[in-house]
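First the structure, in the form of structure tokens, and then the observations on it.
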Amino acid sequence: MLRVEHIGIAVNALSDSIPLFEKLLNTPCYKQEEVSSEQVQTAFFKQGETKIELLEATGPESAIAKFLEKKGEGMHHIAFEVDNIYEEMERLQQEGFVLLQQTPKKGADNKLICFLHPKHSKGVLIEICQEIK
Ligand code: CMX
């Protein structure tokens, strides 16, 4: 794992959450992007080497909609950047973590991504991601 690439935060609405995080971080939201395969609308902020990703559900089947219904707004996942996502998926699987995808999928912000089930990482949803070059 190279670094924490971003922290994902589930929100009910970007319309009020973007201005709130712009005030909090004192930096503008630099990108909004819809990931239709995940039924989410995302908004990104740069904070040093790391990003904050706000996630709003765009459909009832979205993982974010289910999360908000069960837990309410708050921290949703931590994403670690890796050099080679295929090697890292293999390594993590061998270590006993449960991959939620067997092949990486395309995520927001030009990334290949894979999630690990939170039940096997102390209740924290982990994403690993690799920049698409
Ligand atoms: N962090 C910690 N725990 C979580 C969680 C999260 N983000 N989301 C769900 N859970 C918990 C559930 O509350 C549940 O806990 P209990 O067993 O104590 O009730 C447990 O994980 C398992 O839940 P489940 O019923 O098996 O599965 P869910 O339908 O809740 O789905 C998960 C959970 C993680 C498998 C699903 O959300 C998933 O596949 N996530 C990966 C994809 C994703 O999150 N996409 C949105 C972001 C996309 C992006 O960043 O672009």
Side-chain angles (χ1 to χ4, degrees):
M1 308 270 189
L2 296 173
R3 64 180 171 121
V4 175
E5 210 280 337
H6 67 265
I7 294 172
I9 297 172
V11 300
N12 289 327
L14 290 178
S15 54
D16 70 317
S17 302
I18 289 175
L20 180 84
F21 275 80
E22 284 180 333
K23 274 188 232 158
L24 176 73
L25 302 172
N26 198 20
T27 188
C29 167
Y30 71 92
K31 173 152 83 171
Q32 287 193 56
E33 183 181 345
E34 184 170 5
V35 185
S36 48
S37 55
E38 295 289 312
Q39 294 192 17
V40 292
Q41 177 73 25
T42 64
F44 285 92
F45 300 82
K46 286 202 174 85
Q47 197 63 27
E49 284 250 299
T50 303
K51 296 165 191 157
I52 300 293
E53 177 188 32
L54 302 182
L55 297 143
E56 177 189 285
T58 56
E61 290 312 307
S62 163
I64 298 302
K66 290 181 187 164
F67 180 88
L68 288 168
E69 201 175 301
K70 202 163 176 183
K71 298 181 191 259
E73 293 180 298
M75 220 196 77
H76 181 259
H77 65 267
I78 300 181
F80 294 97
E81 185 179 32
V82 298
D83 251 343
N84 183 322
I85 196 165
Y86 297 93
E87 282 178 16
E88 202 61 20
M89 285 169 70
E90 178 72 32
R91 183 186 75 78
L92 290 165
Q93 197 156 34
Q94 279 176 11
E95 294 286 5
F97 294 96
V98 174
L99 306 181
L100 291 169
Q101 290 73 51
Q102 286 312 307
T103 51
K105 56 183 180 176
K106 173 100 173 54
D109 210 24
N110 195 38
K111 298 277 191 299
L112 284 177
I113 63 172
C114 176
F115 286 93
L116 309 182
H117 201 289
K119 281 284 164 200
H120 302 267
S121 43
K122 302 292 181 191
V124 179
L125 177 62
I126 305 287
E127 175 187 330
I128 56 171
C129 62
Q130 180 194 326
E131 179 115 30
I132 300 172
K133 287 167 191 149

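As the structure lists them, so they are numbered: ligands from 1, and atoms in each ligand from 1.
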Side-chain ion pair, Glu69 and Lys66, N-O less than 4.0 Å: no
Pairwise side chain to side chain donor-acceptor pair (under 3.5 Å) hits with a residue in residues 24-34, at least two apart: Lys31-Asp109
Per-ligand residue contacts, ligand 1, heavy-atom threshold under 4.0 Å: Glu38, Glu53, Leu55, Ala63, Phe67, Lys70, Lys71, His76, His77, Leu100, Phe115, His117, Pro118, Lys119, Gly123, Leu125, Glu127
Donor-acceptor pairs under 3.5 Å, side chain of residues 15-22 to any protein atom, not counting sequence neighbours: which ones?
from	atom 1	to	atom 2	distance (Å)
Ser17	OG	Ala13	O	2.7
Glu22	OE2	Cys29	N	2.9

Heavy-atom donor-acceptor pair, Glu88 side chain to Val82 backbone, under 3.5 Å: no
Close side-chain approach of His6 and Glu127, heavy atoms under 4.5 Å: yes
All ring-ring contact (aromatic ring centres under 6.0 Å, His included) counterparts of Phe115, not counting sequence neighbours: His77
